[in-house]
Amino acid sequence: MTLDAIQVFEQMGLFNVRPHLHACSALLNCLVKDGVTNMVWKVHKRMVQPGVVENIHVYNCLIHTCSKSGDAERAEKLLNEMEVKGVCPDIFTYNTLISLYCRKDGRIRDANKLLNEMSERKVQADNITCNTLINTYCKIGDLKSAFKFKNKISEAGLKPDPFTYKALMHGLCKTHELESAKELLFSMLDDGFSPSYCTYSWIVDGYCKKDNVDAILTLLDEFLSKGLCLDISVYKALIRSLCKIERIECDEKLFNHMEANGISADSIIFTSLAYAYCKAGKSSAASKILQEMARRRLMITANIYRCFSAADDSGNKVLQIFWDHVVERGLMSRNTMNKIRQMAM
């Protein structure tokens with residue numbers, strides 16, 4: 001469809017037909033979404049030649065294109081051009097530029113300057129604005145500033161969303177502030193959001209790195225005491241982490257508890273348990289787990305293979321033997337095995 005639109009646009013130029021501003025804006029927007037950045041600039045050039053005057057939507061498309069290609073300098077020139085032509089930036093303009101600055105060599109000061117400019121122009125920051133800055137501050141370890149922007153969300157009459165919580169928890173786990181991360185997790189749940197497997201894993205893995213197994217084991221009780229409905233993400237994070245440190249007896253209890261509550265294990269949980277048994281030299285138990293996995297028609301994907309191989313880079317032969325058993329039992333599709341061969345090349 002976009003290609004057809006470009007052909008019509010070019011035909012209009014051949015017959016000296018002036019394109020409509022809204023049509024140009026729609027075409028530019030499609031090109032940006034499709035990632036055809038070179039064509040964006042060509043269309044823009046042909047658009048202004050017959051005298052079409054850019055509006056805020058056209059400039060936003062152009063600045064979004066700059067953001068995708070990481071061209072902050074060109075984006076700044078466009079912003080200056082808007083000023084000269086009397087086109088006022090809107091929330092989309094500022095959010096795109098702030099995101100670009102945060103990704104471009106950590107230009108957090110420039111991002112904050114734009115935030116001040118927004119305030120002066122009475123452009124209200126939204127969740128995207130604050131979340132972008134929160135995520136950036138968390139990445140550089142400045143949690144004080146990150147939480148300041150979380151408060152800014154509330155002050156603006158908005159509410160933190162799942163991305164807000166996820167960014168803050170990741171930041172807290174990176175700086176080993178696990179108790180704070182856990183409290184934030186409970187706040188997230190109280191606000192009606194469901195944390196992902198990754199979110200639970202950051203906290204559990206943090207306790208694993210501190211060798212605090214007791215804290216991991218009490219997590220389940222804490223969740224239950226708060227009346228939370230546990231899903232597979234919680235069990236997956238706990239079992240996966242405990243398998244890494246070879247606490248198989250704890251994994252067995254968690255697995256039985258999960259299944260007793262009507263939650264069926266997935267491929268990651270079965271693979272974690274089977275590999276933990278293999279490492280512990282319990283080949284019979286590992287075989288039973290793989291057999292049950294096959295019975296439930298669960299398969300090991302290329303992503304699971306990559307994650308387990310990356311986590312166990314010690315070069316021992318146990319992992320390779322384990323994968324051989326997996327293949328023998330037909331737990332990998334041909335497509336998955338082809339992808340694995342490509343990864344090895």
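Keep in mind that the numbers below use all heavy atoms, side chains included, and drop hydrogens, waters and symmetry copies. Only a predicted model underlies this, so the values are computations on that prediction, with no experimental measurement involved.
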Which heavy atom in Ile300 sits nearest to a heavy atom in Tyr305, and how many Å separate them? CG2-N, 4.3 Å
Within-4.5 Å side-chain heavy-atom neighbours: Asp251 and Leu273: yes
Taking the six-membered ring of Tyr277, is the NZ or CZ of Lys282 close enough (under 6.0 Å from the centre) and on axis enough (within 45°)? no
Using only atom types and a distance under 3.5 Å, with no angle test, would you say the side chain of Thr164 pairs donor to acceptor with the backbone of Asn131? no
Report yes or no: is the cationic atom of Arg46 (NZ for Lys, CZ for Arg) under 6.0 Å from the centre of the six-membered ring of Trp41, at an angle within 45° of the ring normal? no
I want to know whether Phe255 and Phe270 have ring centres closer than 6.0 Å. yes
Test item: Met169 and Leu185 side chains (from C-beta on) under 4.5 Å apart, heavy atoms: yes
Do Phe308 and Phe322 have ring centroids that are under 6.0 Å from one another? no
Judged by atom type as modelled, is there a donor-acceptor pair below 3.5 Å linking the side chain of Asn116 to the main-chain atoms of Ser119? no
Counting only heavy atoms from other residues, nucleotides and ligands, does the tally under 6.0 Å from CG of Leu217 exceed 12? yes
Quick check, are the ring centers of His57 and Phe92 under 6.0 angstrom apart? no
Asn95 side chain near Thr132 side chain, heavy-atom distance below 4.5 Å: no
CZ (Arg306) and CE (Met343) are apart, to the nearest 0.5 Å, by 5.5 Å
Does Ser287 use its side chain to pair, donor to acceptor, with the backbone of Ser283 at less than 3.5 Å? no
Phe163 backbone acceptor or donor facing Asp161 side chain under 3.5 Å: yes
